[in-house]
J.: 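Here it is, the structure, as structure tokens.
The chains referred to below are lettered A, B, ... by the order of the sequence lines, with proteins before strands, and numbering in each begins at 1. On a predicted model such as this, the values are computed, not experimentally measured, just so you know.
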Amino acid sequence: MEYNHRAIQERWQKYWADHQTYRIENDSSRPKYYVLDMFPYPSGSGLHVGHPLGYIASDIIARFKRLQGFNVLHPMGYDAFGLPAEQYAIETGQHPAETTKKNSIRYREQLDKIGFSFDWSREVNTSDPKFYKWTQWIFLQLFDSWYDADADKAKPIQDLVEAFEIGGSSAVNANSSFEGTFTAADWKAMSPKEREDVLQEFRLTFLKESTVNWCPALGTVLANDEVKDGLSERGGHEVVQRKMLQWSMRITAYADRLLSGLDSLEWTDSMKEIQRNWIGRSQGAKVFFDIVDSEHQIEVFTTRPDTMFGASFMVLAPEHPFIEDLCTDDKKEEVSKYQKWAEGRSERERMSEVKEVTGAFTGAYAVNPMNGEKLPIWISDYVLIGYGSGAIMAVPCGDQRDWEFARHFNIPIPNIIEGHDIEVGALEDKGASLCNSGFLNGLKATEAIPLAIEHIAKEGRGQARINYKLREAVFSRQRYWGEPVPIYFEDGIPKGMSESDLPLELPEVDQYLPTEDGDPPLGRAENWVTKEGFPIELNTMPGWAGSSWYFLRYMDPHNETDFVGKEAVDYWGQVDLYVGGAEHSTGHLLYFRFWTKFLFDRGFIPFDEPARKLINQGMIVAEDGHKMSKRYGNVVNPDDIVEQYGADALRLHEMFLGPIEDHKPWNTKGIEGVYRFLKKFWRLYTSEDGISREKANAAELKSLHQCIKKVSEDIERYSLNTCVSTFMICVNELSELKCTKAEILEPLAILISCHAPHIAEEAWSRLGHTESITTAEFPKFNPEFLKEDSKTYPVMFNGKRRYEIVVPADMPKDEVEKLALEHEYAEKWLEGGAPKKVIVVPGKIVNVVL
RNA sequence: GCCCGGGUGGCGGAACUGGUAGACGCGCUGGAUUCAAAAUCCAGUUCCUUCUGGGAGUGCGGGUUCGAUUCCCGCCCCGGGUACCA
């Protein structure tokens with residue numbers, strides 16, 4: 001009987017849909033397992049064969065865990081807000097909701113054809129008001145929270161207000177951007193606006209005038225991770241720095257926990273490393289430098305306070321606020337010329353001209369607190385306003401950049417490192433001993449740093465400090481197609497809407513473009529005001545808002561009173577396996593962790609990391625080695641493969657291409673191999689003799705149990721490609737044995753059902769079952785059937801294999817050795833001499849050392 | 001530059017804790033079946049070789065070991081991340 005993949009997959013896909021086979025309940029009597037895929041943005045071009053790779057892998061795991069008795073949550077949905085739909089809307093006037101709907105229907109059709117075991121009753125869509133109501137709600141929780149550094153967690157803003165009323169600013173220790181001090185009396189005397197200005201420095205989402213990546217072509221602000229090489233990641237347009245009033249997320253409050261949390265995660269080393277670098281924690285000190293003839297003190301951050309005796313100048317970022325005050329009259333022109341030049345340079349220019357040394361002298365001098373030396377104050381764009389305090393003490397002997405700057409502008413380079421030649425360059429090695437450094441002479445960095453910090457702290461000039469590269473995450477987007485920010489402005493004071501006013505639905509607009517005044521598209525909406533008539537925020541949220549918490553919604557997707565019910569989240573807990581692309585390393589995956597930690601802090605969920613295990617599926621490139629894209633005309637559509645070879649062949653082939661995490665080329669020829677295998681598998685179940693109920697023999701059981709062992713182990717370690725070869729080996733052996741016995745073919749069908757569910761269901765029903773194979777139990781491996789009577793040992797002479805001996809499996813070592821040397825060829829290889837040593841590794845090899 | 005990965009036949013890849021390198025599949029070669037084809041099946045397929053056998057071989061060069069794709073040191077190449085972060 002022919003293997004008719006079309007009839008089989010149609011039949012079972014219909015059966016699964018009709019019987020809601022993959023629908024699951026939040027049933028706490030069984031152990032749970034949560035397998036999540038990064039949900040797709042439903043683009044207009046549909047899926048190509050590269051897209052389902054991760055979904056197939058996660059589906060195999062989901063099916064495997066289900067067969068092992070777990071209650072498996074394996075949902076799918078759409079990350080539906082985004083730029084392409086909006087761009088399309090601008091071009092065609094079609095509402096983005098319509099194109100998004102159309103595209104997601106197309107995605108669903110394509111996904112259904114591949115036979116995934118998603119519970120579609122839990123589908124989420126981030127652009128659905130029922131979903132984004134809760135995105136807005138979480139935003140409001142962030143708005144209503146501050147970070148208590150002593151408790152190391154987020155708390156309600158009300159607690160902060162109460163603390164201020166009792167003890168002023170010194171009553172709290174917060175991860176905030178607030179820098180002044182005030183007493184309780186001061187606080188009480190403040191106007192509502194003044195108080196709010198203070199609170200904004202503490203809120204976890206807050207309004208801030210900040211320098212942002214403005215993309216004129218896209219008409220919006222981009223996050224740092226949306227900018228690549230100074231161009232927009234989407235579209236490759238120019239990006240310039242611009243100051244705007246923006247909503248930001250105080251992700252920096254979580255920097256330390258985002259870093260330390262990595263240790264508990266089973267993510268790849270490279271993924272963790274990328275996040276570590278992105279967070280960029282560095283430990284050092286902040287030090288205040290006095291300035292000659294000025295009231296100002298300049299704060300610098302240094303990781304090497306031990307080298308402070310070697311400071312010979314100071315550099316401020318061109319945007320540093322003190323420059324205007326400090327600059328002497330004769331230098332004003334040159335300094336402002338430099339500032340203008342630096343400002344005008346785009347990100348891209350800065351990057352391509354990294355090596356060029358530029359700067360200007362302000363005419364002012366600071367005082368080195370260690371030795372009282374006068375330090376000329378320069379400005380240069382190698383110092384960044386956004387990192388540390390935007391100012392550095394330059395130690396040309398100990399820092400290569402400072403050394404190059406000093407060389408270029410003929411600034412002295414005092415030597416503070418024993419035995420070092422300053423003509424060669426700076427010495428950044430922490431193992432070297434200091435000299436010309438007063439009380440630090442003779443010490444190494446590790447010894448000198450604490451002493452230096454202690455010294456400056458005693459003098460009241462600074463203290464130990466930790467800095468991060470991680471920036472606050474800009475949250476505003478000047479777009480239409482995103483979640484409206486649920487904030488209104490009462491007399492200029494931003495206020496959160498009440499929960500009962502959510503969802504704040506996207507209003508209709510006549511065009512999806514900015515207004516003539518340059519306001520975002522929401523500025524076109526009529527009556528975009530609250531009931532009381534207060535204006536509502538015009539910006540929308542970025543793409544990553546919905547994806548930062550969607551995994552929680554799947555647990556309880558129809559809950560109307562909560563973003564997720566307590567029982568549901570207690571039951572499902574963390575994602576056990578998360579599968580998605582590595583390109584989300586510094587965007588989604590960081591925000592995802594941040595929001596999870598926040599929701600944990602505020603007691604809404606019982607865990608503070610969203611996903612315990614992460615797999616980054618590799619990319620499938622086209623056969624020509626290019627990325628699959630319309631441009632190259634090399635796109636392979638899964639629909640075509642499914643039509644020609646079937647969904648099972650597609651699934652098997654994608655897995656068979658190689659390890660899930662590797663990048664690999666698509667190989668159309670190769671699918672013939674797995675198709676042939678499926679036909680061979682099919683023949684086992686459809687032989688003319690029918691299915692036999694006889695007892696299986698030793699050879700059949702051995703073949704089956706080898707397969708069970710290997711497949712169980714391989715799935716467990718996510719080695720899904722080697723499973724396929726294991727199936728092939730087993731089917732080849734059973735074909736050879738002409739096996740038609742149900743005792744063997746039943747468990748075999750279950751084994752393969754994770755990878756190839758359609759043919760497995762069909763085979764299962766042919767064996768007489770009336771229930772879906774998904775209700776079966778994964779077969780257990782029995783080592784009894786693998787026992788061998790004899791063992792073939794390779795006999796090696798000096799590590800080279802010369803012949804083999806076959807001996808009883810349980811033969812003791814010394815007898816194996818004896819037999820090996822009694823072999824007819826032994827004489828020849830011994831060349832008359834006696835072996836120096838014979839190594840017998842039981843069950844493995846015999847090695848004769850001459 | 002710095003930080004992570006990774007280099008195995010014509011190709012995709014396997015070898016999980018150091019123990020017969022190249023499983024499984026693709027491709028290729030030869031054969032069976034067939035009027036012919038498709039489909040199916042069988043045999044062979046790392047390279048060199050003086051072929052009942054021998055030698056070399058997992059990017060390159062060293063080392064540890066009875067034994068190294070696997071561990072250590074140095075180098076080369078490819079992929080990813082990052083870009084003056086003080």
J.: With rounding to the closest Å, how many angstrom separate the P atoms on B:A23 and B:U34?
T.: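 Straight-line distance between the two P atoms is 33 Å.
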J.: Starting at the 5' end of RNA chain B and moving along, which residue's nearest nucleotide shows up first, A:K680 or A:D714?
T.: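 Here A:D714 is the residue nearer the 5' end.
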J.: Suppose you measure atom P in B:A32 against the same atom in B:A37; what distance do you get, rounded to whole Å?
T.: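 After rounding to an integer number of Å, I get 12 Å for this pair.
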J.: Between B:U17 and B:U69, how many Å separate the two P atoms, rounded to a whole number?
T.: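 Per the computed distance, 15 Å lies between those P atoms.
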J.: Grab the CD-C1' distance between A:Q283 and B:A86 for me, whole Å please.
T.: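 For the pair A:Q283 CD and B:A86 C1', the rounded distance is 15 Å.
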J.: Work out how far the C1' atom of B:G12 is from that of B:C76, and round it to whole angstrom.
T.: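 So the two C1' atoms sit 25 Å from each other.
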J.: Is A:S282 near enough to B:A86 that one of its side-chain N or O atoms lies under 4.0 angstrom from OP1 or OP2?
T.: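 Answer is yes, contact under 4.0 Å.
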J.: Roughly how many Å is it from NZ in A:K664 to P in B:G5, rounded to a whole number?
T.: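 Atom NZ in A:K664 sits about 19 Å away from atom P in B:G5.
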J.: Rounding to the closest angstrom, what is the interatomic distance between B:U8 and B:U58 at atom C1'?
T.: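 About 4 Å, rounded to a whole number of Å.
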J.: Inspect the contact between A:E713 and A:R717 and indicate whether a charged nitrogen and a carboxylate oxygen are less than 4.0 angstrom apart.
T.: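 So A:R717 does not pair with A:E713 through a salt bridge.
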J.: Any donor-acceptor pair under 3.5 Å linking the side chain of A:Q283 with the backbone of A:T303?
T.: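 No, because the side chain of A:Q283 does not come within donor-acceptor range (under 3.5 Å) of the backbone of A:T303.
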J.: If I pick the P atom on B:A38 and the same atom on B:C28, what distance separates them, to the nearest angstrom?
T.: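 Per the computed distance, 12 Å lies between those P atoms.
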J.: Which stems does RNA chain B form, counting runs of 3 or more consecutive Watson-Crick or G-U wobble pairs with both distances under 3.5 Å?
T.: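 Stems for RNA chain B, defined as runs of 3 or more consecutive pairs: B:1-7 with B:76-82, B:10-12 with B:24-26, B:27-32 with B:40-45, B:46-49 with B:53-56, B:59-63 with B:71-75.
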J.: Name the pairs: protein N/O against N/O of nucleotides 27-32 of chain B, kept only if under 3.5 Å.
T.:
none

J.: Rounded to whole angstroms, how far apart are CD1 on A:I274 and P on B:C4?
T.: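 So the two atoms are 12 Å apart, to the nearest Å.
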J.: CH2 of A:W666 versus P of B:C11: gap in Å, rounded?
T.: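 After rounding, the gap between these two atoms is 21 Å.
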J.: What is the distance, rounded to the nearest whole Å, between atom CD of A:E654 and atom C1' of B:G12?
T.: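 To the nearest whole Å, that distance equals 14 Å.
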J.: Pick the P atom in B:U65 and in B:C77, then give their distance to the nearest Å.
T.: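 Rounded to whole Å, the distance is 32 Å.
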J.: Could you pick out which residue, A:D402 or A:E273, lies toward the 5' side of RNA chain B when each is mapped onto its nearest nucleotide?
T.: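 Looking at the nearest nucleotide for each, A:E273 comes out on the 5' side.
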J.: Would one find a side-chain N or O of A:R683 under 4.0 angstrom from OP1 or OP2 of B:A39?
T.: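 No, outside the criterion.
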J.: Go through residues 729-737 of chain A and report each residue with a non-hydrogen atom lying under 4.0 Å from RNA chain B, sorted by number.
T.: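 Per residue number, the list reads A:I729, A:N732.
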J.: Using the P atoms only, state how far B:G79 lies from B:A86, rounded to an integer number of Å.
T.: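 Each nucleotide's P atom is 29 Å from the other's.
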J.: For nucleotides 62-70 of chain B, just jot down a letter per nucleotide in 5' to 3' order: B, S or -, based on protein non-hydrogen atoms under 4.0 Å.
T.: ----BS---
J.: Expressed as a whole number of angstroms, how long is the span from A:D399:CG to B:G1:C1'?
T.: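 So the two atoms are 14 Å apart, to the nearest Å.
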J.: Check the distance between B:A39's C1' and A:Q644's CD and give it to me in whole angstrom.
T.: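 It works out to 15 Å between those atoms.
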J.: Between protein and nucleic acid, restricted to nucleotides 52-55 of chain B and to nitrogen or oxygen atoms under 3.5 Å apart, what atom pairs and distances do you find?
T.:
from	atom 1	to	atom 2	distance (Å)
B:G55	OP2	A:R802	NH1	3.0

J.: Using a strict threshold of under 4.0 Å (side-chain N to carboxylate O), is an ion pair present between A:R276 and A:D263?
T.: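 Looking at A:D263 and A:R276, the cut-off is met.
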J.: Where do A:R801 and A:P794 come nearest, in terms of heavy atoms and distance?
T.: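 Reported closest heavy-atom pair: CD-CB, 3.7 Å.
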J.: Return each pair, listed once, that meets salt bridge (charged side-chain N to carboxylate O under 4.0 Å, His left out) where at least one residue sits in residues 298-313 of chain A; pairs must be two or more places apart or across chains.
T.: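 Those involving residues 298-313 of chain A are A:R304-A:D306.
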J.: Does any non-hydrogen side-chain atom of A:V357 lie less than 4.5 Å from one of A:F409?
T.: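 Counting from C-beta outward, A:F409 and A:V357 do come under 4.5 Å.
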J.: For A:W278, is there any backbone N or O sitting under 3.5 Å from a side-chain donor or acceptor partner on A:K469?
T.: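 No, the answer is negative, given that no donor and acceptor are paired below the 3.5 Å cut-off.
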